[in-house]
Amino acid sequence: MEIAKQRKPVNEFAAWLFDIASKWQKEWSSAHIFEPRVEPEKPKFFITAAFPYPNSPPHIGHARTYTIADAYARFKRMQGFNVLFPMGFHYTGTPILTMAEAVANGDKQLIDLFIEVYDVPPEVIPKLGDPLALARYFHNEAKQAMKEMGYSIDWRREFTTIDPDFQKMITWQFLRLKAKGYLVQGTHPVGWCPKHNMPVGMHDTKGDVEPEIGEFVLILFRLEGSDVYLPAATLRPETVFGVTNIWLNPEAEYVIAEVDGSKWLVSAKAAYKLGFQKLNVKVIEKIDARSLMGKRVVNPATGEKVPILPASFVDESTATGVVMSVPAHAPYDYAALRDLLQNPEELKKLGVDPEELRPRPLIRVKGFSEIPARDIVEQLGVKAQEDRSLLDEATKKLYSSEYHYGYMRDDIIEYVYRDSPSDVRRFIVAPVKAWIAGRSVPEAREATRAWLEALGYADKMYEILNKPVYCRCGTEVVVKILHDQWFLKYSDPEWKAKAKELVLTMRILPEEMRREFLNVIDWLQMRAAARTRGLGTPLPWDPSWVIESLSDSTIYMAFYTINYKLRQAGIDPEKLKPVFWDYVYLGKGDVEEVSKETGVPVKLLKELRREFDYWYPVDSRHSGRDLVPNHLTFFIFNHVAIFPRDKWPRQIVVNGFVLLQGKKMSKSLRNIIPLRRAIRVYGPDTVRAVLLSAAELLQDVDFTHEVALSVMSQLRSIKGIVEDVAKTELHGGAERLADRWLRSILQDRIEAVTNAFENLRLRTASIILLYEMPKDVKKYFTLLGGGKPGSVLKDYISAWIRMLAPIVPHFAEEMWRILGGEGFVSTAAWPVPHADMRDPFAELTVYYADRVVEDIKEILKLAKISRPRVIIAVSKPSHWVLASAVARGQLDRKAMKEVIRSIMPLIPREERKEAAFKARKLYEALMPVDRDVKALIASMKEFDEKKALEELKDYIKTLTGAEEIVIVYLDEAGDKVPRQKARAAVPLRPAIVIEEAGSSDGDSRQAHGS
RNA sequence: GCGGGGGUGCCCGAGCCAGGUCAAAGGGGUCGGGCUGAGGACCCGAUGGCGUAGGCCUGCGUGGGUUCAAAUCCCACCCCCCGCACCA
């Protein structure tokens, strides 16, 4: 079924689920049960999930994090915590702007996407051209969807990041960060549209391409006899020692430009681009590259004078259009040189001796000769420098090999200023000898760059690596260097240390993520904290910058604790000066003074402080795993920077994504299911249950139609059970084995589900609740064999429905009502397991019977018996001591011999030989048994197997289709049981013989094994 | 490259951290049966191989190792996916 096209409820049950959901949402809302207030005597639990960015409607992928947070909130609430679960909306940033601009410009593709995929009504489209209107519209969509999902959110605390009071808080946060020295200024390269005069990110480019910025090192070769430099652009500065010549493209346009005071010869295009990167760039004159051929330039690393030569492969639009030629290690250079050498006349005209162009080995790398570029060019069969794809491949291969396995030869120092006087030379050579020669390529690269830079012969130029990238307006994107960019100094060692301290002490789920957080903290460096445009809060000390969106959403959770009261009091945001926040968030300052300075009443200040102090810190922070390397890590950094330790977050919960029918949801595939549509098609509880049950936390959920149907069919059958039980007259007499078993197993279920919830293993919890527990009930009825259910069933169902409530709250409310439960199940008490209600005898009996059933079925599969009479010969009760002792021994990890030795004294002397044999058999038989069962066996002092099976005779009959079951003790079985079988039988492994019923004892058509 | 996640039966996917009811949950598909005029939906059963007695053999990316016992622990290797920054 084409899930993405479905618009109507898939069936009546889905429609019913949707209807009851609306009903219960209204009831919850009018009862205000999700609007907590400070209750000092009650333990609080503050849960937040990453708020949405409303630039498009929410889809089922967004819903996963919220559903997890909500289920957890509901669980904690039922456990008796005072739970606060609020929600806000993130307006900060540029995508809303570009999205609205595209709508305003009539972007057909986008509008079509909105209407066809996102179900935006066509009449709404025109107003989405305005960024704020667009944000408001999708904000409202998200909010409605969240309500329709039944999230237990306290909506009184909703806000957006462009609300003036919130902006005051951000202003305070940034002033504090600056005061701590965590905000610094520096330069920063960005993708830039020269026409818009604005930075461009992925959202602003044609085809949504992220402009990748790379850094070239420019090595300045001075043109002999002039003050003009040729800045050769390279990614491999360490190869400068082997430069044989400089390449220029004779067909390209070159200019001499004055760049920050010096004269550079670069391509015309490079001059244009450098204009965005250097302070002052002025083109002085055009130059015909042909006129430069044969002229000499000085290699600043060696002092050698090398010729300028023509090469067609040189791309004038990449970096400077000036290339240094290192034929030994660069396939392009090798190929171009080879082309040139085929025309010695031409070289001669230029005054170049082919001998001086001989490739010079610089790097030793295993698997290659001295001239690796030649190896690879010949190996790949490169014919000329125009063989671009082959040469690109060659370059990539060689580059990678040399980078990872290459070492600089020691003799490179030979080339360094060999014509200089020896005392001068020693001085120049020293750093090369110390830091470059003999070093690995990565080390040498860095050292060479630093060395040349220190000498004033190196510079850098940024380039778009995946060029051309075009702005939406059609202009090609260039790299612009922003001067005076503000950075958050996440590189600060003390700050890092504190962040790590938090990561190491807080709870992180799943645990694997802790390591990732530590790694992120390690490599995080400077982070641009402000940008030139977009919605958001101006930087307090320089309003021409807007605080960047990931930087204004790091401690916003604190705002939820007070904004409701703050707004209720109608305080003018202008009054929310830094001292206000210092007092409310940090308890700093004198309340009277703060009141006087801000005009906020003392009483309110104190109340706000109390609210914050009660609710903070965040007890659980939820988000998708994509936010780990950014938002969540910034969340950690900013908390440790701003707040004292007792207000640091306690827990982070990270979840994976949502796939649709096994595929990633994407705009291009148009397979995005808006949340509100899914809610209508399947019912909110179905969507919730699928999102929670289809994968464990970190795995991706695959949302499929089939799974949704499966969930619905489970819910439907649970509904059937509940309705039946509500109507059924219960058995009034004494408890039977089945009753005891159900009560016992219930305790186990409660414990397992509770434990799963505590650890956010919601898939485990959901599977027990949706799939295992119905099986219990079914089994209970089988065990009853037609008898009336006991009152334990009501207890079981009651606990079950309560545990279902966090997963499928509307459904649970409806079931709770049918059961006659008091109030809302959403606020009912979470069930608690009672160890004293465990009944080992009942559990072991059922376990034992089930194993016997399995064995009987196995035998019946092979033996062709039409009307089976099953004779089960069990061990006598006095042998039980063997079973419990062996189980105990295995639990204590004792070896067989040891166990047997310890049992012997318990056995009468004359039986010891047989008992030892049985014990050995038992040891083998129990070896593979689950620990829980072993514990069960060990805990039982006595166990009469005959009595146990007699209780469940009908049960065994039903399950095996046996016509007759005869249970005897082994030593009373006589010749009914072959000796071999009798000998092999041990406690819990009875001898089973099956024969044709109807036949008399004497001529049983029993088939014997070998 | 660095960092993270992962490779399980026809497919998807649990199990692995705490080794043993693991030939391996659950779903899908397929096959058989029930139901039905037929189908759908639904229900039951089967779904590595062998076996006329509850068993044996082969199996969880590849190759080694530890152990009475390994899908699970250790070592090496191969392969796949994601992130790497100013973007929410």
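Residue numbers start from 1 in every chain, and the chains themselves are labelled A, B, ... in the order their sequence lines are given, proteins ahead of strands. None of these values were measured; they are calculated from a predicted model. Below, each value reflects all heavy atoms present in this structure, side chains not excepted, and no hydrogens, waters or symmetry copies.
Among the atoms of the strands shown, base atoms are found under 4.0 Å from some heavy atom of A:Pro990. Contact annotation for A:His188: base contact, defined as any heavy-atom pair under 4.0 Å involving a base atom. Residue contacts shown for A:Ala50 are absent, as no nucleic acid heavy atom lies under 4.0 Å away. Note on A:Thr764: nothing from the nucleic acid sits closer than 4.0 angstrom, heavy atoms only. A:Thr94 comes within 4.0 angstrom of sugar-phosphate atoms only, judged by non-hydrogen atoms across all strands, and of no base. At the heavy-atom level, A:Tyr53 lies under 4.0 Å from the strands shown only through sugar-phosphate atoms.
Regarding A:Leu550, its CG atom lies at a distance of 10 Å from the P atom of B:C87, rounded to whole Å. In this structure, A:Phe517 atom CZ and B:G5 atom P are separated by 13 Å, rounded to whole Å. Between the P atom of B:A14 and the CD1 atom of A:Ile768 lies a distance of 16 Å, rounded to the nearest Å. Rounded to an integer number of Å, the gap from CE of A:Met99 to C1' of B:C87 is 13 Å. For A:Leu659 and B:C81, the CG to P distance is 15 Å, given to the nearest whole Å. The nearest whole Å value for the distance from the NZ atom in A:Lys934 to the P atom in B:G19 is 12 Å. Separating the CD atom of A:Glu854 from the P atom of B:A46 is a distance of 11 Å, rounded to the nearest angstrom. Straight-line distance from the CZ atom of A:Arg761 to the P atom of B:C17: 12 Å, rounded to whole Å.
Between the side chains of A:Tyr848 and A:Glu945, at least one donor N or O lies within less than 3.5 Å of an accepting N or O. With hydrogens and angles left out, the side-chain atoms of A:His90 and A:Asp552 include a donor and acceptor closer than 3.5 Å.
With distances taken from any side-chain atom of A:Glu548 to the nucleotides B:G5, B:G54, B:C87, the minimum falls on B:C87. Proximity note for A:His90 (side chain, C-beta onward) versus B:C12, B:A88, B:G5: the nearest is B:A88. Which of B:G83, B:C87, B:G5 sits closest to the side chain of A:Pro629 comes down to B:G83. Of all nucleotides listed (B:A88, B:A85, B:G54), B:A85 comes nearest to the side chain of A:Gln525. Out of B:G5, B:A53, B:G55, the shortest distance to the side chain of A:Ile859 is found at B:A53. With distances taken from any side-chain atom of A:Arg527 to the nucleotides B:A53, B:C87, B:C17, the minimum falls on B:C87. Set against B:G26, B:G54, B:A88, the side chain of A:Lys775 has B:G26 as its closest nucleotide. Side chain of A:Arg531, nearest nucleotide from B:C86, B:G51, B:G4: B:C86. For A:Lys778, the listed nucleotide lying nearest its side chain is B:C44; candidates were B:C44, B:G4, B:U21. Candidate nucleotides B:C12, B:G13, B:G5 were compared by shortest atom distance to the side chain of A:Arg763, and B:G13 ranks first.
In this structure, the side chain of A:Tyr66 engages the main chain of A:Ala50 through a donor-acceptor pair within 3.5 Å.
Partner assigned to B:U62 is B:A76, using Watson-Crick or G-U wobble distances below 3.5 angstrom. Base pairing analysis places B:U21 opposite nothing; no Watson-Crick or G-U wobble pair with both distances below 3.5 Å involves it. A 3.5 Å limit on both hydrogen-bonding distances identifies B:G29 as the Watson-Crick or G-U partner of B:U47. B:A71 makes up no base pair with any nucleotide shown, lacking Watson-Crick or G-U wobble contacts both under 3.5 Å. Nucleotide B:G83 forms a pair with B:C2, judged by Watson-Crick or G-U wobble geometry with both contacts under 3.5 Å.
Both A:Tyr847 and A:Met513 lie near RNA chain B, and the one whose nearest nucleotide falls closer to the 5' end is A:Met513. Between A:Phe487 and A:Arg989, the residue anchored closer to the 5' end of RNA chain B is A:Arg989, taking for each the nucleotide with the nearest heavy atom.
As rounded to the nearest Å, B:C22 and B:G33 have C1' atoms that lie 29 Å from one another. When the P atom is used for both B:G61 and B:C44, the distance is 32 Å, rounded to whole Å. Using P as the reference atom, B:A69 and B:C84 are 47 Å apart when rounded to the nearest Å. Comparing B:U67 with B:C43, their C1' atoms sit 46 Å apart, to the nearest whole Å. For the P atom pair drawn from B:U72 and B:C17, the interatomic distance equals 9 Å after rounding to whole Å. Rounded to whole Å, the separation between the C1' atoms of B:C73 and B:A18 comes to 11 Å. Between the C1' atoms of B:U8 and B:A14, the separation comes to 10 Å (whole Å). A gap of 23 Å separates the P atoms of B:A70 and B:G54, to the nearest Å.
Using a 4.0 Å cut-off, no side-chain N or O of A:Ser710 falls inside it from OP1 or OP2 of B:G27. A sub-4.0 Å separation between OP1 or OP2 of B:G28 and a side-chain N or O of A:Thr704 is absent.
Shown here for A:Leu488 and A:Ser551, the closest heavy-atom pair between the two residues is CD1-OG, 3.6 Å.
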Quick one, A:Tyr556 with A:Phe51, criterion ring-ring contact (aromatic ring centres under 6.0 Å, His included). Give me CA distance, side-chain angles, the key distance, then yes/no. CA-CA 10 Å; A:Tyr556 71 88; A:Phe51 54 16; 3.7 Å; yes
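The aromatic rings of A:His705 and A:Tyr682 lie tilted to each other, with the angle between the two planes from 30° to 60°.
Contact of A:Asp855 with B:G54 (side chain to base): a donor-acceptor pair of N or O atoms is detected under 3.5 Å. Residue side chain A:Lys981 reaches the base of B:G54 through a donor-acceptor N/O pair under 3.5 Å, judged by distance alone. A donor-acceptor contact under 3.5 Å links the side chain of A:Asn630 to the base of B:A88.
Atom-to-atom distance recorded for A:Leu627:CG and A:Thr633:OG1 is 9.5 Å, nearest 0.5 angstrom.
Between A:Arg514 and A:Glu511 there is a salt bridge, since at least one side-chain N of the basic residue sits less than 4.0 Å from a carboxylate O of the acidic one. Under 4.0 Å is where a charged nitrogen must lie from a carboxylate oxygen, and between A:Glu548 and A:Arg531 no such pair does.
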